[in-house]
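Numbering of ligands and ligand atoms starts at 1, following listing order. Index from 1, following the sequence.
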Amino acid sequence: MLSLWRNLNLTNFFSLRQTVALCSARRDPRSNPNRTCSGKRFNVPTSAEFVARVSGIPTMAKLPFQETADGLDAAFVGVPIDTGTSNRPGARFGPRQIRVESAMLRAYNSGTRAAPYESLMVADIGDVNVNMYDLKDTCKRIRTAYRKILATGCIPLTIGGDHTISYPILQAVAEKHGPVGLVHVDAHADTGDVILGDKIGHGTPFRRCVEEGLLDCKRVVQIGLRGTGYSADSYEWSRAQGFRVVQVEECWFKSLAPLMAEVRAQMGSGPVYLSFDIDALDPGFAPGTGTPEIAGLTAIQGVEIIRGCRGLKLVGCDLVEVSPPYDTTGNTALTGANLLFEMLCVLPKIKYY
Ligand SMILES: NC(=[NH2+])NCCC[C@H](N)C(=O)O
Ligand SMILES: [Mn+2]
Ligand SMILES: [Mn+2]
């Protein structure tokens with residue numbers, strides 16, 4: 001026994017310890033890419049307790065990758081495009097960087113006790129193959145891709161990309177669900193008509209959606225709107241459609257939990273889409289974005305808004321406008337990754353401990 005112990009030099013000792021850890025990991029469901037809960041098989045992200053964060057292919061939340069949405073309850077999808085932006089570019093790199101920073105995510109939500117990977121079959125299904133040279137063709141590609149995703153019954157959690165993408169996504173969503181409610185979190189209303197002579201861009205998605213009957217306008221709320229305007233009442237068009245407009249001044253220095261109770265009442269039991277433009281957050285919390293506006297929401301308020309969507313019939317979510325080239329610390333992408341996880345944690349059928 002003593003000779004055995006002597007032969008266990010430090011390297012052997014660590015390899016022994018790692019072996020023990022991995023053996024126990026094999027028994028630990030959190031380390032297996034999939035496991036059964038109440039008899040159903042679910043994907044589970046690899047845990048940083050057993051697999052180093054910096055190792056492995058950076059899929060969203062270290063979830064398994066699969067080519068299609070077949071068999072999934074929810075899927076993370078990237079749309080790497082920024083040709084719809086009107087100021088700083090870079091959002092084309094959003095999906096990749098948010099995936100990298102999502103290595104920080106763990107499997108459970110400590111704040112809400114949500115257990116998404118014990119509730120839903122989730123995977124990363126990669127990116128829409130965008131056209132870097134033609135935004136209108138990209139919109140067609142997005143619409144086609146999302147028709148297929150939605151046809152499987154899967155709920156898309158989209159990693160943007162600039163806010164143009166919400167328009168073709170909502171075209172596909174409304175084909176399946178009819179006109180939907182919208183929780184739109186943003187510094188900007190994005191209801192422009194023609195900008196620089198074009199109708200398609202990140203400042204116009206929700207006007208296009210209204211024109212095509214994709215939204216149930218009385219069930220639309222826009223939260224966080226602020227900044228200078230092209231007219232004294234920048235939100236007149238939104239209000240004229242029947243949207244509820246919550247300008248940022250109504251959000252300053254307060255919890256948004258009471259507001260979200262009102263939003264849940266407004267949304268009712270019908271299908272709802274959640275679109276979160278990262279520039280809704282103050283540039284101090286989310287500097288890595290293309291059209292920053294000062295005096296925005298805090299990250300806490302962003303989390304409150306998403307958690308306040310619990311109980312809604314969410315049929316899709318997106319997180320847009322993260323621009324890694326302007327995100328020197330990576331914290332904007334990290335915030336985006338966490339907000340996407342919060343969205344996953346409020347989808348229908350999530351289990352809470
Ligand atoms: N999703 C967005 N970041 N929209 C920004 C819109 C900016 C607006 N079109 C402007 O030209 O001022
Ligand atoms: Mn915006
Ligand atoms: Mn926007």
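For Q301 (side chain) and K254 (main-chain N/O), a donor-acceptor pair under 3.5 Å exists by modelled atom type.
In terms of protein heavy atoms, atom 12 (O) of ligand 1 is closest to Y230 OH, 2.9 Å. Atom 3 (N) of ligand 1 has T291 OG1, 2.9 Å as its closest protein atom, hydrogens excluded (heavy atom only). In this structure, the protein non-hydrogen atom closest to atom 9 (N) of ligand 1 is I195 CD1, 3.5 Å. In terms of protein heavy-atom proximity, atom 4 (N) of ligand 1 is closest to D190 OD1, 2.8 Å.
For atom 1 (N) of ligand 1, the nearest non-hydrogen atom from the set D277, L196, D279 belongs to D277.
The pair D134-K140 does not meet the salt-bridge criterion, since no charged nitrogen lies less than 4.0 angstrom from a carboxylate oxygen. Ionic pairing of R99 and D124 is present here: one or more N-O contacts between side-chain nitrogen and carboxylate oxygen are shorter than 4.0 angstrom.
H188 contributes ND1 as its N, O or S atom closest to the Mn ion (ligand 2). Checked against the Mn ion (ligand 2), the N, O or S atom of D277 at the shortest distance is OD2. Of all N, O or S atoms in H163, the one lying closest to the Mn ion (ligand 3) is ND1. For D186, the N, O or S atom closest to the Mn ion (ligand 2) goes by the atom name OD1.
Both the backbone and the side chain of H202 come within 4.0 Å of ligand 1, counting heavy atoms alone. Neither the backbone nor the side chain of V320 has a heavy atom within less than 4.0 Å of ligand 1. At a heavy-atom distance under 4.0 Å, no atom of T85 approaches ligand 1.
A cation-pi arrangement is absent between R208 and Y167, since the terminal nitrogen or guanidinium carbon is not both under 6.0 Å from the aromatic centre and inside a 45° cone about the axis.
The one candidate from T158, D318, I159 that meets the side chain to side chain contact (heavy atoms under 4.5 Å, CB included) condition with L340 is I159. The residue from L182, L314, L215 that alone fulfils the side chain to side chain contact (heavy atoms under 4.5 Å, CB included) condition with Y273 is L182. Exactly one of L150, I155, L214 qualifies for a side chain to side chain contact (heavy atoms under 4.5 Å, CB included) with V173. That residue is L150.
Distance check for D279 against the Mn ion (ligand 2): an N/O/S atom falls below 2.8 Å.
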